[in-house]
Each structure stands twice: as structure tokens, then as C-alpha cells.
Amino acid sequence: MKKTVLVSLLSITALMVTGCGKGKEAKKSNGVDSLVSAYGFQWTDPSKPILNKKGFEEISFNVYSSKNASALDYNDMLVMQNLAESTGVNVSWENVSESVYTQQKNLIFSDANNRPDAIYHAGMSSGEIIKYAKRKVLVPVSDYLEYMPNFKKILEDRPDIKSQIINAEDGKIYGLPRIEEMGLLQNPNLLFLNKTWTLSAIKAGALKGVKAADVKDGLTLNASQMEALLTYFKNNDMNGNGKTDDERPLNFVYNNWQGNQCDLYGMFGLNDNLEHRIVVDGKVTYTIEDQRFKEATNFIADWVTKGLIDKVSFEQSQDNFLANGKGLETYGAFYWWESETVVSNPENYITMSPLVGPHGDQTVCVSNNPEVGIGEVIIFSSCPNVEVLLAYFDRYYDPEISAQINYGPVGIVYEEKRDEKGMLVQKPIPAGMTTDEIRLQNAPFGIIYLSDYAWNNVVNMEPRAKLRLERLQKYAKPFVSQKVAPCQNLPFSMEELNLLSTYETNLNDYIRTNLIKWLMKGGVSDADWNKFQKEMTEKVYLNEVKKAYQNAYDRY
């Protein structure tokens with residue numbers, strides 16, 4: 001641990017640590033024995049404070065953090081105040097907006113004399129961690145696991161998590177992760193269908209092979225049936241307002257993290273995602289190399305040309321999509337996680353099984369969105385008494401505290417009284433507020449560990465999360481092959497990261513530019529497809545990028 005020594009000869013009061021983190025006063029690290037004897041430092045019993053009253057008064061830490069615009073200042077958040085009381089650790093939070101942090105991030109790392117003790121919501125990439133670890137700027141957290149019993153146990157129980165957060169260069173861990181495992185992120189889309197409009201189409205004879213009694217959750221339609229249905233939606237005044245030009249047959253938010261276009265490629269047996277990168281039988285695979293991708297793109301482009309997919313889907317933001325779904329019904333079908341968020345009358349929409357393609361294929365997107373967020377918190381090597389700060393952050397990984405960090409505190413978000421299983425139960429949402437509003441205001445998010453044990457023994461999931469999971473278990477997960485896996489956080493070496501930084505942006509831009517052109521302008525010809533495949537390897541170095549991912553995946 002790096003120590004900063006007070007230069008004043010008058011430093012008889014050296015045990016009084018300011019921890020200001022701004023270079024205005026020097027800060028001193030106390031040895032662990034001194035921390036134990038002078039400040040009652042303990043880290044093994046989570047029911048007791050980490051420091052005594054004297055420790056709270058004489059040791060403090062400055063933690064810099066971005067926050068959501070809706071959130072209270074972290075110093076004023078009840079969950080943070082409760083942590084200060086229960087741990088005896090004095091943390092002074094310096095909050096800035098997310099945009100300000102983005103602007104200041106490099107300045108903070110470059111100015112050794114004015115760094116905070118730690119950054120929360122640090123958003124450190126693998127490359128940044130390797131770079132600053134080599135410069136001895138960051139504390140190697142894995143050297144201090146003795147003081148972090150919760151985090152140490154996670155690493156022991158979950159080597160898969162450990163392998164995602166280690167620095168491939170030296171095998172150490174420099175950032176504290178956020179771990180929220182609910183089984184949601186891998187499948188970011190569900191297909192919802194307007195029940196009333198569909199019954200109208202059946203009555204009119206526009207939808208063959210489907211009876212009115214079939215129109216319920218789990219309805220399966222093949223591509224030709226779906227095309228006939230969307231055509232009926234497009235050509236008729238489905239919402240009864242006297243117009244036939246405001247109905248939007250099929251909607252999504254192109255390239256959004258959820259509710260996107262990728263499940264449409266499942267009609268052709270492709271588990272596509274926004275990166276077009278997936279692992280099949282242990283091999284990193286790019287869907288855009290598959291001949292089926294060309295066929296699928298032309299099929300989808302045909303629906304766009306016919307007006308069955310609203311062109312607005314390729315231009316709108318998530319907020320626009322959600323706003324346009326409210327009020328008068330205009331959506332015939334759409335991709336999202338739940339209809340309740342999108343439309344005013346969710347009871348009028350059913351959840352479909354994935355569409356069956358022209359060749360009988362039926363599968364869904366497998367997203368690379370990780371449930372383990374690396375580099376969420378980093379601690380600078382200039383931080384004094386780092387053992388104390390890490391013992392404090394370790395409390396965040398206790399599942400009951402994790403729940404409050406992620407959703408809000410007991411008394412505001414959770415009931416004071418537990419349920420019959422002793423689990424946290426959410427309070428009713430206050431009148432005039434939404435679930436998101438109360439959560440964003442009272443929860444700092446950040447480092448947590450919420451996995452199966454927590455969901456089964458400590459905290460009840462939000463009702464909407466339960467609903468999402470139930471639907472995904474029925475209508476998405478059964479349609480993904482056991483051979484297919486996401487390509488998530490991988491332990492890249494610096495050499496691999498340098499290669500990716502050189503080639504991957506150009507590769508992704510090249511794919512995106514061509515794909516949006518094909519989808520919006522009627523598809524891709526054989527000649528253009530062949531040219532695309534050739535240039536992917538010769539011009540934008542797909543093989544080199546794929547090799548870097550494969551090497552890292554094999555290491556993982």
C-alpha cells in the first residue's frame with residue numbers, strides 16, 4: 001500500500017486523517033495494527049461497525065461519483081446515511097452529472113495531486129484498467145481480499161465471475177464489479193400483438209389457420225401468417241378513428257439495447273444481436289458471415305418496403321417509441337420486454353412465441369449485454385487506509401444492502417416488516433410516482449451482488465421483473481439452442497485490446513452502414529453481398545477481430 005507522509009514536523013496528530021482527496025492537505029495511511037488499536041477497525045463481523053466513533057471522526061474518504069439527474073445527492077440518500085451509521089465509515093460523496101464525469105475522467109487520472117480516494121460508477125474498460133494498473137495508479141483490490149469477506153466469497157464460489165474481472169496482464173483485480181443476475185439481459189425482446197386487431201383480421205378471413213380461441217399468450221404464427229396479419233393492420237382503420245394511415249403494423253427501436261430488430265433474424269435460425277457476434281459450440285461467430293443473414297435481411301427489407309414495418313422504427317429513440325405507444329392505439333405488434341411499459345391498454349396485447357420462418361426456423365436474439373459490470377468502482381493508490389475503504393465497499397455485496405443500493409432503502413422502497421420467508425418486500429408506489437421515479441431518486445445503483453441466493457432468500461423481485469422473467473422463461477429461453485452462448489466480458493490482453501481499438505470501430509461502422517442501407521432500400525443484391533464479404537476480411541479485418549475474441553474466449 002502506498003503511504004503519503006505528512007511533511008510537517010508538527011504532525012504529532014498524525015493519526016487524525018483528513019482524507020480530503022483533493023491535495024489540499026496531506027493524507028496518511030495508518031498501519032492495520034494502528035487502525036485496530038486506535039479506531040477499533042474490524043471487518044469480519046458484518047453486524048458490527050467497521051470503525052468506532054473516533055474512527056468516524058478522524059478518518060474520512062472522498063469518493064467521486066456521477067449520478068442520475070433524478071437522484072438525490074448521495075450524501076442525502078437514506079441508504080448512504082444508514083451505511084455510515086452501521087459501518088462507522090465516513091464517506092464524503094462528490095456527485096457530478098454523467099456528462100461532467102465523461103468530460104473530467106481523463107483529467108482526474110492525469111492529475112496525481114488532485115485525485116479523490118475512489119471513483120464510484122467509474123465505468124472503467126479493460127483497456128483503461130490495464131493502462132492505469134501498469135502505471136501503479138490503481139489499487140490492486142485482489143491484494144486486500146482479507147478485508148473483504150463478502151467479495152472474497154463471491155470470487156471463491158463463482159470462478160466464472162472472477163475470470164471476467166481479472167486483469168489478463170497480471171491476474172489481479174483492480175475494479176469492483178456490479179453483479180445483477182436476473183436472467184433478463186440475454187434475451188432483450190418479446191413480441192407483443194394487438195389482440196383486438198387480430199380477432200378482427202380473423203373475422204374478416206385475413207388470417208388463415210388461426211381461430212379466435214388461439215389468440216392468447218403463446219400464439220405462434222409463421223412468417224406468411226404474420227405478413228398477412230400486418231398487411232391487414234396496414235390497410236384498415238384498426239383504431240376506428242376514420243384514418244387508415246396512422247396504424248403502425250410492426251414496431252421496434254432499431255439497434256436499441258432492448259426491443260430491437262434482432263429477433264426477426266430468428267426466423268432464419270440466426271441468434272443475432274447488435275454486435276452480430278455470438279458463441280456457437282465454443283466458437284466466436286459473426287452472423288453477418290452466414291448466407292442466411294443475407295436471406296433474412298432481404299426478407300425483412302421486403303416488409304419495410306411494403307410498409308409492414310414502420311420506417312420510423314429505424315429512426316426513433318426509445319423515448320419516442322414509448323411515448324408514441326400511449327393514448328390512441330396505433331401499434332399492431334411491437335418488440336419490448338413488457339407491454340405494460342409501452343401501451344396504455346396492455347391487457348389488449350398478448351405475448352407471442354417467436355415467429356416461425358419460411359424454412360421452419362424459430363429462435364431469438366442472444367444479447368451480449370453482460371450481467372457482470374467490470375470496473376464499476378476503482379480506488380486510487382494514493383488513498384490512505386485503503387483496507388478500511390475496501391471493508392466498507394465490501395458491505396455493499398451483502399445481498400440485503402445490495403437490494404437497497406439497487407432499488408432504494410427500507411422505509412422508502414421496502415417495507416420495514418419482512419414477509420413470511422424473512423424477505424424484503426416492496427412498498428406500494430406512492431400516488432403520482434412511477435417505479436422508475438422512486439427508484440432513481442433513492443437508489444445510487446453501483447456495486448452490488450444480486451443472484452439466485454438473494455432472489456430466493458433475501459429480496460423479492462420487482463413485480464415487473466418477475467413478469468419479464470416469467471414471460472422470457474415461456475416465450476424466449478426455450479427457443480435458444482444449448483450450443484449458443486453470449487460473448488460477454490472477456491479477459492483481453494493489452495495486445496488484443498490494441499488490435500481491437502485499431503480495427504473494431506471501422507468493422508462495426510462498416511456493418512452498420514451497409515445493414516441500414518439494405519433494410520431501408522429493398523435489400524442486398526448478390527453482387528453487393530459478395531463485395532461486402534470480401535471487404536469484411538480484406539478492408540475492415542474481420543478475421544483479426546474474430547481471432548482476438550476467440551483467444552480471449554478460450555482464456556475465459
Exercise for the section: Apply side-chain hydrogen bond (donor to acceptor under 3.5 Å, both in side chains) to the pair Glu181 and Tyr449, showing each step before the final yes or no. Expected result: CA-CA 8 Å; Glu181 299 177 309; Tyr449 182 51; 4.6 Å; no

Exercise for the section: Answer yes or no on whether Arg178 is positioned over the face of Phe445, meaning its NZ or CZ is under 6.0 Å from the six-membered ring centre and within 45° of the axis. Expected result: no

Handout entry: Distance-only polar pair, side chains of Gln550 and Asp554, donor-acceptor under 3.5 Å
Key = yes

Practice task
Please check if any side-chain donor atom of Thr537 sits under 3.5 Å from a side-chain acceptor atom of Asn543, or the reverse.
Solution key: no

Practice task
Would you mind checking if Asp245 and Lys243 are paired as a salt bridge, meaning a charged N to carboxylate O distance below 4.0 Å?
Solution key: no

Handout entry: Check: Glu371 side chain, Gly183 main-chain N or O, donor-acceptor pair, under 3.5 Å
Key = yes

Problem - Lys283 bridged to Asp281 by N-O distance under 4.0 Å - result: no

Exercise for the section: Would you mind reporting whether Phe233 and Leu308 have side-chain heavy atoms less than 4.5 Å apart? Expected result: no

Practice task
Could you tell me whether the side chain of Tyr414 reaches within less than 4.5 Å of the side chain of Lys427, counting heavy atoms only?
Solution key: no

Exercise for the section: With rounding to the nearest 0.5 Å, note down the distance linking CG in Leu499 to OG in Ser501. Expected result: 8.0 Å

Handout entry: Side-chain donor/acceptor of Glu315 to backbone N/O of Val253, under 3.5 Å
Key = no

Handout entry: Beyond-backbone contact of Leu72 with Asn442, side-chain heavy atoms, under 4.5 angstrom
Key = yes

Practice task
Would you tell me whether Asn236 and Glu247 have side-chain atoms, one donor and one acceptor, within less than 3.5 Å of each other?
Solution key: no

Handout entry: Audit row: Ser65, Tyr101, side-chain hydrogen bond (donor to acceptor under 3.5 Å, both in side chains) steps and yes/no
Key = CA-CA 8 Å; Ser65 177; Tyr101 173 57; over 6 Å; no

Practice task
Using the side-chain hydrogen bond (donor to acceptor under 3.5 Å, both in side chains) rule, pick out the option among Thr287, Asn271, Thr297 that qualifies with Tyr265.
Solution key: Thr297

Problem - Set of residues satisfying side-chain contact (heavy atoms from CB on, under 4.5 Å) with respect to Thr244, sequence neighbours excluded - result: Asp237

Problem - Lys547 and Glu496 ion-paired at < 4.0 Å - result: no

Exercise for the section: For Asn194 and Tyr349, test the side chains for any donor-to-acceptor distance below 3.5 angstrom and give the result as yes or no. Expected result: yes

Exercise for the section: Kindly assign one of parallel, tilted or perpendicular to the pair Phe293 and Trp529, based on the angle between their ring planes and the thresholds 30° and 60°. Expected result: parallel

Handout entry: Lys216 and Lys195: CA distance, side-chain angles, deciding distance, side-chain contact (heavy atoms from CB on, under 4.5 Å) verdict
Key = CA-CA 8 Å; Lys216 57 187 177 182; Lys195 182 168 54 177; over 6 Å; no

Practice task
Please determine if Glu128 and Lys105 form a salt bridge, counting it only when a charged side-chain N lies under 4.0 Å from a carboxylate O.
Solution key: yes

Handout entry: Residues Tyr556, Phe492; criterion ring pair (Phe, Tyr, Trp, His ring centres under 6.0 Å); working and verdict
Key = CA-CA 9 Å; Tyr556 164 75; Phe492 292 109; over 10 Å; no

Handout entry: Check: Ser163 side chain, Asp160 main-chain N or O, donor-acceptor pair, under 3.5 Å
Key = yes

Exercise for the section: Go through the side-chain N and O atoms of Glu504 and Tyr549 and say whether any donor and acceptor fall under 3.5 Å apart. Expected result: yes

Problem - Donor + acceptor pair across side chains of Asn255, Asn260 (<3.5 Å) - result: no

Practice task
Check whether any side-chain N or O of Ser402 sits under 3.5 Å from a backbone N or O of Tyr396 as a donor-acceptor pair, and report yes or no.
Solution key: yes

Exercise for the section: Answer yes if the ring centres of Tyr335 and Phe192 are under 6.0 angstrom apart, and no otherwise. Expected result: no

Problem - Heavy-atom donor-acceptor pair, Asp361 side chain to Gly357 backbone, under 3.5 Å - result: no

Practice task
Examine distances only and state if a side-chain atom of Asn256 and a backbone atom of Gly259 form a donor-acceptor pair shorter than 3.5 Å.
Solution key: no

Problem - Passing candidate, side-chain hydrogen bond (donor to acceptor under 3.5 Å, both in side chains) with His121, options Glu98, Glu376, Lys67 - result: Glu376

Practice task
Evaluate the side-chain proximity of Leu515 to His276: yes if any heavy-atom separation is below 4.5 Å, no if none is.
Solution key: yes

Problem - Ile309 side chain reached by Leu264 side chain, heavy atoms, under 4.5 Å - result: yes

Problem - Residue pair Glu180 / Asn406, side-chain donor-acceptor N/O under 3.5 Å - result: yes

Problem - Check: Ser481 side chain, Lys483 main-chain N or O, donor-acceptor pair, under 3.5 Å - result: yes

Problem - Polar contact flag, side-chain donor to acceptor under 3.5 angstrom, Ser66-Tyr120 - result: no

Exercise for the section: Please confirm whether the backbone N or O of Lys211 pairs with a side-chain atom of Asp214, one donor and one acceptor, at under 3.5 Å? Expected result: yes

Handout entry: Geometric class of the Phe314/Tyr254 ring pair [parallel <30°, tilted 30-60°, perpendicular >60°]
Key = tilted

Practice task
Before accepting this row, confirm whether a basic side-chain N of the pair Glu329/Arg248 lies closer than 4.0 Å to the acidic partner's carboxylate O.
Solution key: no

Fill in the blank from the handout: dist Gln261:CD -> Asn251:CG (nearest 0.5 Å) comes out at 13.0 Å

Practice task
Establish, from distance only, whether the side-chain atoms of His359 and Glu295 form a donor-acceptor pair under 3.5 Å.
Solution key: yes

Handout entry: Full working for side-chain contact (heavy atoms from CB on, under 4.5 Å) between Ser344 and Lys326
Key = CA-CA 5 Å; Ser344 299; Lys326 303 301 190 296; 3.7 Å; yes

Practice task
Verify the distance criterion only: is there a donor paired with an acceptor across the side chains of Gln488 and Asn368 at less than 3.5 Å?
Solution key: no

Handout entry: Results of salt bridge (Lys or Arg N to Asp or Glu O under 4.0 Å) for Asp436 - residues two or more places apart only
Key = Arg464

Practice task
Show the numbers, then the answer: is there a side-chain contact (heavy atoms from CB on, under 4.5 Å) between Met77 and Gln404?
Solution key: CA-CA 11 Å; Met77 275 191 178; Gln404 296 177 73; over 6 Å; no

Practice task
For the pair Arg468 and Glu340, find out whether any cationic side-chain nitrogen is under 4.0 Å from an anionic carboxylate oxygen.
Solution key: no

Practice task
Check each of Leu193, Leu207, Ile202 against Val215 using the side chain to side chain contact (heavy atoms under 4.5 Å, CB included) test, and report the only one that passes.
Solution key: Ile202

Completion exercise
Sequence neighbours excluded, the answer for side-chain contact (heavy atoms from CB on, under 4.5 Å) partners of Tyr541 is Tyr503, Glu544

Problem - Flag, side chain of Thr363 to backbone of Phe479, donor-acceptor distance under 3.5 Å - result: yes

Handout entry: Near-ring test Trp257/Trp336, centroid separation under 6.0 angstrom
Key = no

Problem - Side chain to side chain, Val284 and Arg277, heavy atoms closer than 4.5 Å - result: yes

Practice task
Determine the interplanar angle of the Tyr407 and Trp455 rings, folded into 0 to 90°, and report it as parallel if under 30°, tilted if 30 to 60°, perpendicular if over 60°.
Solution key: perpendicular

Handout entry: Taking every non-hydrogen atom, the tightest pair across Ala223 and Trp303
Key = O-CZ2, 3.6 Å

Handout entry: Donor-acceptor contact present, side-chain Glu470 to main-chain Leu467, <3.5 Å
Key = no

Handout entry: Any side-chain donor near an acceptor of the partner, Asp310 and Ser313, under 3.5 Å
Key = no

Practice task
Taking the side chain as every heavy atom from C-beta outward, state whether Trp197 and Asn239 have any pair of such atoms under 4.5 Å apart.
Solution key: yes

Problem - Side chains of Ser224 and Glu227, donor plus acceptor under 3.5 Å - result: no

